[in-house]
2 protein chains.
Amino acid sequence: MPRSQRRRTALTHPEPEEFDVLDILHAMSDPTRMTIVRTLRSAPERACGTFPVDVAPSTLSHHFRVLRESGVIRQREEGTRRWTTLRAEDLDRRFPGLLDAIVTAYETSAAGREQPVAAGRADRHDPRS
Amino acid sequence: MPRSQRRRTALTHPEPEEFDVLDILHAMSDPTRMTIVRTLRSAPERACGTFPVDVAPSTLSHHFRVLRESGVIRQREEGTRRWTTLRAEDLDRRFPGLLDAIVTAYETSAAGREQPVAAGRADRHDPRS
DNA sequence: ACCGTTGTACGATGTTTGTCGAATGAAAGA
DNA sequence: TCTTTCATTCGACAAACATCGTACAACGGT
């Protein structure tokens, strides 16, 4: 039996029709979560531990859940890793231009300039190297 | 001495350069505040008591403060009234397309359809009539 | 001078949120 | 099999938040 069926709580992903704009705005109004989103824009898929954020693993898990349950990200399991992607197409189909307007706005602001998010492959990334 | 100079706390309005996207997203992620913003889009200027929201006056004051201090609205005093406007131009100059993308997204969602915001003049509006 | 209108400030309250540490579960490798 | 790695859930905690009632301040009219 694959791991995805054995998890105590299955990964819940809302359908695009269920997206709530207020939930999405709330999800993206946190600096850590905004960093996650920006990182995913320049990396197709990443494992949880490879994000350039400075919080405890359990905190990161919490932020992923907020993003996932609002529809911003999708997570898929493979072995011990959990791969995360941005649901850019789903978001854009439901709310055209929203994601782009928000991230662009953030990156043109002062806060966005302070911490440029590095692009590049993340599938074999080791944060301790 | 006019009232605006006698208030214990003066009305603080951040400059467009000081706008913080995360603050704006947080400000607009609340249903009551979203209603305020949507109402202001279809009414040039409104007094505080004329908004179609169902909260206590003190709660409304709180929401106005959140919106004002994040740069979303501007408030000006005149007699006993406090006139509120949307800072659409300032917002659009600083973060092009952001306000429109957010409000449009909200109004195309289910939550937006449930409570259409009425347009019309508000300068002489009497909620008890 | 007095009152009604308008909206705020303050204090209290219950909820949500962000944070962490510890324990847990599952898979991969030794 | 044992250990390491990856990421989660749980419980706890302080801070922030939405809400309200009450008291208050300022203006405008009577």
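Order of the sequence lines fixes the chain letters, A, B, ..., with proteins taken first and strands second; residue numbering starts at 1 for each chain.
- If you take CZ of Arg76(B) and C1' of dT6(C), they are 15 Å apart, rounded to a whole angstrom.
- Within the structure, a side-chain polar atom (N or O) of Arg82(A) is placed less than 4.0 Å from OP1 or OP2 of dT8(D).
- Here the side chain of Thr80(A) is nearest to one of dT19(D), dA26(C), dG18(C), namely dA26(C).
- Side chain of Thr104(A) to main chain of Ala101(A): no donor-acceptor pair is present (N/O by atom type, distance under 3.5 Å, no hydrogens or angles).
- Nearest to the side-chain atoms of Asp30(B) among the listed nucleotides dA18(D), dT17(C), dA7(D) stands dA18(D).
- Of the candidate nucleotides dC20(D), dT9(D), dG18(C), dC20(D) has the atom lying nearest to any side-chain atom of Val55(B).
- Atom P of nucleotide dC6(D) and atom CH2 of Trp83(A) are separated by 11 Å, given to the nearest angstrom.
- For the pair Leu22(B) CG and dC17(D) P, the computed distance is 13 Å after rounding to whole Å.
- A donor-acceptor contact under 3.5 angstrom links the side-chain atoms of Ser58(B) to the base of dG21(D).
- Considering only side-chain atoms of Thr59(B), the nucleotide from dT8(D), dT19(C), dT19(D) that sits closest is dT19(D).
- Side chain of Arg33(B), nearest nucleotide from dG7(C), dC6(D), dA18(D): dA18(D).
- Distance from the side chain of His63(B) is smallest for dA18(D) among the nucleotides dC20(C), dA18(D), dA7(D).
- Contact between Phe19(A) and Pro14(A) at its shortest, heavy atoms only, is CE2-O, 3.5 Å.
- A donor-acceptor pair under 3.5 Å links the side-chain atoms of Arg94(B) to the main chain of Pro16(B), judged by distance alone.
- Atom CD of Gln75(B) and atom P of dT6(C) are 16 Å apart (whole Å).
- Residues forming a salt bridge (charged side-chain N to carboxylate O under 4.0 Å, His left out) with Arg41(A) (at least two apart in sequence, or on another chain): Asp100(A).
- At whole-Å resolution of the value, CZ in Phe64(A) and C1' in dT19(C) are 16 Å apart.
- Between the CG atom of Leu11(B) and the P atom of dA25(D) there is a distance of 18 Å, given to the nearest Å.
- Side chain of His26(A), nearest nucleotide from dT17(C), dC17(D), dT19(C): dT17(C).
- Side chain of Arg81(B), nearest nucleotide from dG18(C), dT8(D), dT6(C): dT6(C).
- The residue His62(A) sits close to a base: some heavy atom pair falls under 4.0 Å.
- Looking at residues two or more places apart in sequence or on another chain, you find no salt bridge (charged side-chain N to carboxylate O under 4.0 Å, His left out) involving Asp23(B).
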